[in-house]
Participant: 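Have a look at the structure that comes next, please.
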Amino acid sequence: MTRLGWLGYTVGTDPRPRRNCSVVRTRYAPSPSGTLHIGGARTALFSFLYARHFDGRFVLRVEDTDQTRQVDGSERAMMRGLASLGIVWDEGPDVGGDFGPYRQSERLAEHREVADRLLADGHAYRCYCTPEELERERAARRAQGLPPRYSGRCRRLNPADWAERQDKAFVVRLKVSASGSTVVDDLIRGPVSFDNQVLDDFVLMKPDYTPVYNFAVVVDDHGMGITHVIRGEEHLSNTPKQILVYEALDWPVPQFAHVPMILAPDRSKLSKRHGATSVEEYLDQGILPEALRNYLLLLGWSSPAGNEIIGLDEAIRLFDLDRVQHTAAIYDTKKLEWMTQQYLKTLPLSRVVEAVKPFAERLGINWGLGPPLDVAVALVRERAYTLRQVAEGIRFLYQPPASYDGQGVRKHFTAPEAPGRLRDLATHLDVLEEWSHDALAALYDQLALAWGVKRAELIHPTRLAVSGKTVGPGLFELVQTVGRDETAKRLRHAAALIESGSVPES
RNA sequence: GACCCCAUGGUCUAGUGGCCUAGGACAUCACCCUUUCAAGGUGGUAACCCGGGUUCGAAUCCCGGUGGGGUCACCA
């Protein structure tokens, strides 16, 4: 296949991966200010898949440069979130690696060294303007309808002037040429050009001689040998600044890929008021991590064949940046739940059982006192959309119903002969020769015939009496799993409640 | 406001000038199956933002508008 690449010349199948020249190295660089956001999770997933697809390395870096937003335990929460989705990092703050340290705060010496170099070779300069002066300048420009661009008046100062002001606070600014333009060759969007006039001599180092993001990120990415910077679209506008830093340092510019954002259903930026926004919250609601990962994969990327249920290995095999969408996506929890159901049905039973345990525990289910958990889970897993629903679905196998579905009560418990039938049913079950699905079915057929009713008229009241619900697994397997004595007991108990007119409804 | 990105059903998307009477998935509606629910099956409703070009031909290319999003810090 030959086609026109984004640079305008004819290229082979895929010009991007330079697997012959160098190993692909990607990174995910969250700031530890909370839990893993689903947008961040997807960016991390794409970065990870891209690296794995080209037999490269995926790096985790924590951007913890002193800031008030720092949240305790956030770093570990981020790692837990990533790990739950099957994203593993080859290098990172916990596992180390040859390009460490992997915490931005621990790279301060390097940031300072590079800033010194820029100062020494004239690419950067000290700026002594105070925040008040800058604000005044900005206000003046705004009043004239001009973009708030720093005038660059401290550029005139030379090292001799700097020496004179030894005691005064300063920041380090990069000298940006006001002419020409800077082009970001984005792997997803193609070349994006920025007029240098809209950029100003931005700050590299703060007065305390710590780096500003746009500087630190360049020093870190270069220091870690990152070849492909895959990150959220919100960074696209910052990229020319970073490229200018690379150029001033005479460092090779990595490839960039800006993935579209994930928006809330009202097309605004995702925030807490839109409900669950973090991986943690979704998992807590009973979404399977496998499903969340699959869902996130499909948010902005599609497989060439159009299939949607894609496991991790297949995702690694298929993933590439050229099929990443340009448009921001809105997440849809309905499809996420559907996806969870797909995995609930097809994952190894043992895996689902493990995943259900915390949710069963939350409901106070003691699975030592009933049928084996795997039997219970097998019974309901394909009619649930979340792990929570699985737990709720198996609850009656371990605890007798505390209440009965209201609509069901009105429908199946109100007939005058209802309690009597439940008792008769119990009596027959007591002496049923074989406690099997088929024997139970035969019994119900036989009784229905004898009593001159439809089999369903026996089935529904039984289900309600035994499980408290009108929905659930097939009745005979349900009853079989609950057990003979317990079933009879529940039937008689329900009959008694009906007769005393005190059926608790839900 | 300036700059940048983007624009296919309610949502995720396929689509790289003729294969499009625009395909798939979720959701939704109807029917079938059925001991309930779920699953499954069948069928339906529903989209190329607008306006100009280019071309024999445009969802696809170009320009303009509109709309949405992002960035403009001594935050990351």
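Lettering follows sequence order; numbering is per chain, from 1. Note: hydrogens, waters and symmetry copies are ignored here, and every other heavy atom, side chains too, is used.
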Participant: Return the nucleotide paired to B:G1: Watson-Crick means purine N1 to pyrimidine N3 with N6-O4 or O6-N4, wobble means G-U with N1-O2 and O6-N3, both under 3.5 Å.
Facilitator: B:C72
Participant: If B:U21 has a Watson-Crick or G-U wobble mate with both distances under 3.5 Å, name it; if not, just say none.
Facilitator: none
Participant: Using the C1' atom as the point on both nucleotides, what is the distance between B:U45 and B:C31, in whole Å?
Facilitator: 15 Å
Participant: Rounding to the closest angstrom, what is the interatomic distance between B:U11 and B:A27 at atom P?
Facilitator: 16 Å
Participant: May I ask you to verify if any side-chain N or O of A:Arg173 is less than 4.0 angstrom from the OP1 or OP2 atom of B:A73?
Facilitator: no
Participant: Please say whether the positively charged group of A:Arg126, taken as NZ for Lys or CZ for Arg, lies over the ring of A:Tyr128, i.e. under 6.0 angstrom from the six-membered ring centre and within 45 degrees of the axis.
Facilitator: no
Participant: Between A:Ser302 and B:A14, is there a contact of a side-chain N or O with OP1 or OP2 at under 4.0 Å?
Facilitator: yes
Participant: Using ring centroids (six-membered ring only for Trp), state whether A:Tyr213 and A:His235 fall under 6.0 Å.
Facilitator: yes
Participant: Do the side-chain N or O atoms of A:Tyr385 get closer than 4.0 angstrom to the phosphate oxygens (OP1, OP2) of B:A39?
Facilitator: yes
Participant: A:Gln325 side chain N/O closer than 4.0 Å to the phosphate oxygens (OP1, OP2) of B:A14?
Facilitator: yes
Participant: Counting only side-chain N and O atoms of A:Arg455, is one of them less than 4.0 Å from OP1 or OP2 of B:U35?
Facilitator: yes
Participant: Under 3.5 Å, is there any donor-acceptor pair linking the side chain of A:Arg189 to the base of B:C5?
Facilitator: no
Participant: Can you tell me how far P in B:G18 sits from the matching atom in B:A25, rounded to whole Å?
Facilitator: 24 Å
Participant: Aromatic rings A:Phe319 and A:Trp301: how do their planes relate, parallel, tilted or perpendicular, breaks at 30° and 60°?
Facilitator: tilted
Participant: On the 0 to 90° scale, with breaks at 30° and 60°, tag the A:Tyr282-A:Tyr331 ring pair as parallel, tilted or perpendicular.
Facilitator: perpendicular
